[in-house]
Amino acid sequence: MIKLHHLETSRSSRIIWLCEEGGIEYEMVRYARDPKTRRSPAALADVHRLAKAPTVEVDGHVMVESGAILEYLVERHSDGALGVAVDHPERAKYLEWLHFAEGTMGMSFIITGIAPMLGGLPDVMGGFLNAEVKNLLDHVEVELEGKDFLVADKFTGADINLHYMLEGRAAMGQLDSRPNCKRYFEALVARPGYRKTVELGGPVLMTRPS
Ligand SMILES: N[C@@H](CCC(=O)N[C@@H](CS)C(=O)NCC(=O)O)C(=O)O
């Protein structure tokens, strides 16, 4: 049995979604963020010293990194339906997109996403990162032209991983001028698997601390 350590309003929602849509049995342990710092609690550091979400106990290993967790769970603990087979022509593209959200996209999206809660960014840094976000969103917009999903014409872990990054952008209105991103995002959040994720794990987005 897989044990998912789920931190409220965090990336661990991805793993709930994967397990729910992929028919993977799991047990969930829930953690609240520190109300002032919004960091994870010490109890999560007892599970893994990084105290990051998601953390998953699987096959005798305490695993972190959502992209790697998604890839492993799809291949070892489901029928593979939410992945792309090794010999599929779009396998390379699937791996590229599965890891893109936490790779190239992660830094600028996360920093510009939390900056407003922390008093904003210095101009030079803001200029650099906002240009990066624009470039990356434009890239997604081109990729989604005429498509419902990122790869292989089906819903995969790559869509789950990208969705988390788009949640913040949707809330900031940055999908409104990008019709493909907007259509794609709205279809993802209308899925019963996503609704179930929010029902079980709570909202995905963190809001400003009081
Ligand atoms: N690249 C990692 C990032 C993990 C990460 O930073 N998770 C955040 C939640 S969205 C976290 O644990 N934040 C709490 C903290 O750092 O105290 C992944 O995709 O799993």
Side-chain angles (χ1 to χ4, degrees), residues 2-22 24 26 28-59 61-77 82-83 94-119 129 132-133 136 140 150 156-172 185 188-189 194 197-198 200-210:
I2 289 150
K3 191 185 270 191
L4 166 61
H5 297 271
H6 171 58
L7 177 67
E8 63 176 342
T9 60
S10 85
R11 288 166 170 91
S12 45
S13 305
R14 287 169 167 159
I15 312 303
I16 303 175
W17 194 355
L18 179 85
C19 291
E20 289 297 322
E21 291 219 26
I24 300 169
Y26 67 107
M28 179 158 60
V29 186
R30 308 169 68 107
Y31 301 82
R33 288 180 182 269
D34 180 291
K36 280 226 161 15
T37 65
R38 309 307 286 156
R39 304 301 305 260
S40 57
L44 193 50
D46 292 340
V47 183
H48 186 290
R49 61 180 168 269
L50 288 179
K52 291 291 178 196
T55 294
V56 169
E57 291 180 61
V58 57
D59 299 335
H61 179 54
V62 182
M63 189 171 191
V64 293
E65 275 308 324
S66 26
I69 294 168
L70 286 168
E71 193 176 335
Y72 185 75
L73 293 185
V74 164
E75 290 177 4
R76 288 298 301 271
H77 290 276
L82 298 187
Y94 164 65
L95 290 178
E96 179 182 320
W97 279 102
L98 177 61
H99 295 288
F100 177 79
E102 287 298 323
T104 306
M105 194 174 235
M107 192 248 306
S108 57
F109 271 54
I110 295 300
I111 295 176
T112 57
I114 63 173
M117 299 180 218
L118 304 172
L129 292 174
E132 186 70 5
V133 167
L136 294 166
V140 176
L150 279 172
T156 67
D159 298 301
I160 292 179
N161 237 14
L162 182 63
H163 157 270
Y164 178 81
M165 293 299 174
L166 296 185
E167 275 271 351
R169 301 299 134 180
M172 293 160 98
F185 177 79
L188 287 181
V189 299
Y194 177 79
T197 299
V198 175
L200 295 172
V204 171
L205 264 198
M206 186 167 69
T207 48
R208 191 184 287 266
S210 48

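Read the numbers this way: they start at 1 and go in the same order the structure lists the ligands and their atoms. All values below were derived from every heavy atom in this structure, side-chain atoms included, with hydrogens, water molecules and symmetry-related copies excluded.
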Contacts of S40 meeting side-chain contact (heavy atoms from CB on, under 4.5 Å) (sequence neighbours excluded), chain-then-number -> L7, L44, A51

In short, salt bridge (Lys or Arg N to Asp or Glu O under 4.0 Å) pairs touching residues 62-75 with sequence neighbours left out are E75-R91

In chain-and-number order, ligand 1 lies under 4.0 Å from a heavy atom of each of L7, S10, R11, R14, R33, R39, S40, A51, K52, A53, P54, E65, S66, E102, Y164

Could you measure the distance from the [atom1] atom of [X] to the [atom2] atom of [Y]? Nearest 0.5 Å is fine.
| X | Y | atom1 | atom2 | value |
| --- | --- | --- | --- | --- |
| E167 | F109 | CD | CZ | 13.0 Å |
| I160 | L188 | CD1 | CG | 9.0 Å |
| L150 | D159 | CG | CG | 4.5 Å |

Sorted by chain and residue number, the ring-ring contact (aromatic ring centres under 6.0 Å, His included) partners of H163 (sequence neighbours excluded) come out as W17, F185, Y194

